[in-house]
2 protein chains.
Amino acid sequence: MKWEEIGGQTCSIARALSEVGDRWTLLVLREAFLRTSRFGDFVERTGAARNLVADRLHKLVAADVLERRVYQEKPERFEYRLTQKGRDLYPLMMALVHWGDRWHDDGRGKPIEHVHRTCGHVMHAEPTCSECGERLDPRQVDVRPGPALLAEEG
Amino acid sequence: MKWEEIGGQTCSIARALSEVGDRWTLLVLREAFLRTSRFGDFVERTGAARNLVADRLHKLVAADVLERRVYQEKPERFEYRLTQKGRDLYPLMMALVHWGDRWHDDGRGKPIEHVHRTCGHVMHAEPTCSECGERLDPRQVDVRPGPALLAEEG
DNA sequence: TGCCGTGAGTTGCGAAAGGAAACCATCTGT
DNA sequence: ACAGATGGTTTCCTTTCGCAACTCACGGCA
């Protein structure tokens with residue numbers, strides 16, 4: 001099976017991965033969240049080849065995760081900004097950071113820290129139940145087919 | 001820059017991606033969270049080629065995200081199970097699902113639903129501050145260099 | 001007027017990774 | 001003896017990477 005077909009599955013993870021499940025794509029998004037906006041900066045800070053950065057930026061724009069805007073005419077210069085769809089990847093990024101912090105600590109502590117301005121503490125993202133607010137324990141969560149899967153089977 | 005070098009960056013996202021940032025790897029992990037444990041099932045349910053599944057499973061075992069156990073002798077049969085490190089990817093998976101649900105709905109609703117047994121509702125993961133419990137708003141979070149980055153620069 | 005520098009890409013080519021199918025090995029059931 | 005299940009490995013071909021070089025449009029400047 002090829003990657004173009006993956007997005008066609010009735011599975012939100014597969015669909016999400018078909019748009020942002022690529023290694024360079026995720027590094028580009030890391031930079032976007034750190035306010036990088038210009039082509040050259042993406043190349044420099046991700047370490048990816050220029051053609052790959054160009055390709056990933058264009059795909060992200062096509063997917064409406066980033067938008068490309070002119071920030072200067074003559075000569076035309078562009079910037080790439082997160083859209084709402086892109087900003088919604090924040091929980092994903094925070095989850096990646098936290099997992100990396102926890103399992104890839106080389107003994108020197110965290111590479112970066114997140115400070116919650118509201119409470120003033122160094123924090124990480126803690127997933128909770130959207131309905132009752134309790135901290136999520138995977139063992140307390142049942143998975144069952146949703147409308148889309150049921151429609152498909154029946 | 002090659003992918004092997006990425007993990008060496010002083011960046012938790014880069015380090016995380018070096019282990020689980022691959023497309024097939026993430027689909028394999030999706031299955032692991034859905035209790036898939038056998039080689040043939042991974043092949044069938046991810047749709048990946050057998051050689052790729054074999055490669056990804058071995059890498060995940062080497063990274064201590066999965067463990068390979070004999071569940072039957074004569075003939076020897078193996079199962080792949082999430083380790084604690086693997087189970088800790090739960091927030092990442094929930095973030096992927098939720099993003100996919102929100103932005104890739106084809107009008108037929110969610111492919112799968114998560115039910116919180118504790119409160120009985122269909123839910124999704126909501127990231128909150130680990131310190132004060134408030135719902136996370138990216139604009140309320142400051143990013144600053146952590147110990148590892150400071151040690152590197154100074 | 002020519003020349004340099006900057007930003008944003010595009011092109012070309014050898015090397016690495018991916019994808020499909022065939023093949024192998026071990027054991028069980030009939 | 002032979003088919004079927006399980007868990008891979010090998011082979012071969014195509015696609016994608018990774019790197020360097022090149023283009024293009026302009027602005028400054030001497």
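Note on naming: letters A, B, ... go to the chains in the order of the sequence lines (proteins, then strands), and numbering restarts at 1 for each one.
Computed from coordinates, the Glu76(B) CD to dG7(D) C1' distance equals 11 Å when rounded to whole Å. The CH2-P distance, from Trp3(A) to dT16(D), rounds to 13 Å in whole Å. The interatomic distance linking Asp22(B) (CG) with dT16(D) (P) rounds to 15 Å, in whole Å. Spacing between atom CD of Glu79(A) and atom P of dG9(C) amounts to 12 Å, rounded to whole angstrom units.
Phosphate contact (OP1/OP2 of dG18(D), side-chain N/O of Trp24(A), threshold under 4.0 Å): present. Distances shown here put every side-chain N or O of Tyr80(B) at or beyond 4.0 Å from the OP1 or OP2 atom of dT6(D). Between Tyr71(B) and dG7(D), a side-chain N or O to OP1/OP2 separation shorter than 4.0 Å is present.
Residues from residues 36-70 of chain B with heavy atoms under 4.0 angstrom of DNA chain C, sorted by number: Ala49(B), Arg50(B), Asn51(B), Leu52(B), Arg56(B).
Going from atom CD of Glu131(B) over to atom OG1 of Thr118(A) covers 12.5 Å, rounded to the nearest 0.5 Å.
The side chain of Phe78(B) lies closest to dG8(D) when the candidates are dT26(C), dC17(D), dG8(D). For Pro75(A), the listed nucleotide lying nearest its side chain is dG27(D); candidates were dG19(C), dT6(C), dG27(D).
Residues Asp55(A) and Trp24(A) have side chains not in contact (no heavy-atom distance under 4.5 Å, counting atoms from C-beta outward). Proximity of Val65(A) to Thr25(A): side-chain heavy atoms (C-beta onward) are nowhere separated by under 4.5 Å.
Of the N and O atoms on the side chains of Asp101(A) and Ser12(B), at least one donor lies less than 3.5 Å from an acceptor on the other residue.
No continuous path of hydrophobic side-chain contacts links Phe39(B) to Tyr71(B) [ILVMFWY only; heavy atoms under 4.5 Å].
Take His98(B) and apply the ring-ring contact (aromatic ring centres under 6.0 Å, His included) test, not counting sequence neighbours, and it matches His124(B).
Residues Arg23(A) and Gln72(B) each lie close to DNA chain C; by heavy-atom proximity, the contact nearer the 5' end of the strand is made by Arg23(A).
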